[in-house]
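Because only heavy atoms are used, hydrogens play no part in the values below, and waters and symmetry mates are left out as well, while side chains stay in.
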Amino acid sequence: QVQVVESGGGVVQAGDSLRLSCVASGPSYSRYTMAWFRQAPGKERDFVAGSRGRFGSTVYAESVKGRFTFSRDDAKNTVFLQMSSLKPEDTAIYYCAATGRNLISSTIPLMGEYDNWGQGTQVTVSS
């Protein structure tokens, strides 16, 4: 059983930056595909960014390209989401997701591919 725990959410103003962290526990972490999703009030959960195991390429949603950066620290079993130039429409609960499978790039954005989810961390961007 893999456990994932997010942290780093908060309330910021438009244009500010924020970094989210997600720690995953479990064997062979470096092979996990990890991703961030978000869910705004009244909307479905959407993919934000993710990458498969070590040396895997990173996939981003179009809405965050150039503003958000996904990174991994495999030594610490941790992934990060560095968010810059935040907009009010980035307001959402951000969820970290993990799977022990090395997904191909086209399936990284698919929610159904992940079987381990964190509890979420709230990000609020005021205008």
Side-chain angles (χ1 to χ4, degrees):
Q1 181 81 17
V2 177
Q3 291 186 324
V4 291
V5 179
E6 310 98 333
S7 62
V11 180
V12 297
Q13 294 189 332
D16 284 352
S17 298
L18 200 62
R19 189 176 81 158
L20 306 182
S21 301
C22 171
V23 180
S25 63
S28 303
Y29 159 81
S30 62
R31 296 204 300 266
Y32 293 172
T33 300
M34 303 287 294
W36 289 96
F37 290 78
R38 67 184 181 185
Q39 188 166 17
K43 295 188 177 182
E44 295 183 349
R45 192 171 299 187
D46 292 328
F47 170 77
V48 177
S51 82
R52 62 181 188 179
R54 191 177 298 175
F55 309 125
S57 58
T58 302
V59 179
Y60 292 96
E62 286 296 326
S63 59
V64 305
K65 275 185 180 178
R67 300 188 300 122
F68 289 12
T69 302
F70 178 98
S71 61
R72 306 174 66 119
D73 183 343
D74 288 344
K76 297 181 179 179
N77 288 10
T78 304
V79 298
F80 303 96
L81 185 68
Q82 178 67 47
M83 305 184 291
S84 302
S85 303
L86 282 162
K87 306 175 182 179
E89 50 264 45
D90 293 319
T91 294
I93 299 175
Y94 284 70
Y95 296 92
C96 182
T99 176
R101 292 173 294 130
N102 239 340
L103 301 181
I104 59 174
S105 295
S106 61
T107 61
I108 287 176
L110 303 180
M111 278 183 55
E113 297 291 340
Y114 298 88
D115 38 23
N116 300 282
W117 292 83
Q119 79 288 352
T121 185
Q122 176 72 46
V123 172
T124 302
V125 184
S126 61
S127 56

Can you pull the disulfide (SG to SG under 2.5 Å) pairs that have at least one residue in residues 42-84, sequence neighbours excluded?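 Counting only pairs at least two positions apart or across chains, no disulfide (SG to SG under 2.5 Å) contact touches residues 42-84.
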Side-chain heavy atoms under 4.5 angstrom apart, residues restricted to Ile, Leu, Val, Met, Phe, Trp, Tyr: same cluster for [X] and [Y]?
{"X": "Leu81", "Y": "Val4", "result": "yes"}
{"X": "Met111", "Y": "Ile93", "result": "yes"}
{"X": "Leu20", "Y": "Leu86", "result": "yes"}
{"X": "Phe68", "Y": "Leu18", "result": "yes"}

Apply side-chain contact (heavy atoms from CB on, under 4.5 Å) to the pair Arg38 and Val64, showing each step before the final yes or no. CA-CA 12 Å; Arg38 67 184 181 185; Val64 305; 4.1 Å; yes
Any idea how Tyr95 and Trp117 line up, ring-wise: parallel (<30°), tilted (30 to 60°), or perpendicular (>60°)?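 Because their plane-to-plane angle is over 60°, the rings of Tyr95 and Trp117 count as perpendicular.
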Hey, can you tell me if Tyr114 and Phe37 have their rings parallel, tilted or perpendicular (30° and 60° cut-offs)?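 It falls in the perpendicular class, over 60°.
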Counting N and O atoms only, with roles assigned by atom type, does the side chain of [X] sit under 3.5 Å from a partner on the main chain of [Y], one being a donor and the other an acceptor?
{"X": "Thr78", "Y": "Asp73", "result": "no"}
{"X": "Thr91", "Y": "Val125", "result": "yes"}
{"X": "Ser126", "Y": "Val12", "result": "yes"}
{"X": "Arg72", "Y": "Ser51", "result": "yes"}
{"X": "Glu6", "Y": "Gln119", "result": "yes"}
{"X": "Tyr60", "Y": "Phe70", "result": "yes"}

Taking it one step at a time, do Asn102 and Thr33 satisfy side-chain contact (heavy atoms from CB on, under 4.5 Å)? CA-CA 6 Å; Asn102 239 340; Thr33 300; 4.0 Å; yes
Heavy-atom closest pair, residues Met34 and Ala24: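 For Met34 and Ala24, the tightest heavy-atom pair comes out as CE-CB, 3.9 Å.
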Considering non-hydrogen atoms only, spot the tightest contact between Val79 and Trp36 and give its length.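 That closest heavy-atom pairing would be CG2-NE1, 3.9 Å.
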Apply side-chain contact (heavy atoms from CB on, under 4.5 Å) to Val123 and Asp90, showing your working. CA-CA 8 Å; Val123 172; Asp90 293 319; 5.6 Å; no
I'd like to check the side-chain hydrogen bond (donor to acceptor under 3.5 Å, both in side chains) partners of Lys65; sequence neighbours left out, ordered by chain and number.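 Checked Lys65 against side-chain hydrogen bond (donor to acceptor under 3.5 Å, both in side chains); matches are Glu62.
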CD of Gln13 to OG of Ser127: how many Å apart, nearest 0.5 Å?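 Gln13 CD to Ser127 OG: 9.0 Å, rounded to 0.5 Å.
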Would you compute the distance between atom CD of Glu113 and atom CG of Leu103 and round it to the nearest 0.5 angstrom?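 These two atoms lie 5.5 Å from each other.
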For Gln3, look at atom CD and say whether over 12 heavy atoms of other residues, nucleotides or ligands are found less than 6.0 Å away.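 Not more than 12 within 6.0 Å, no.
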Within a strict 4.5 Å, meaning less than it, do heavy atoms of the Tyr32 and Asn116 side chains meet?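 Not touching, per the 4.5 Å side-chain cut-off.
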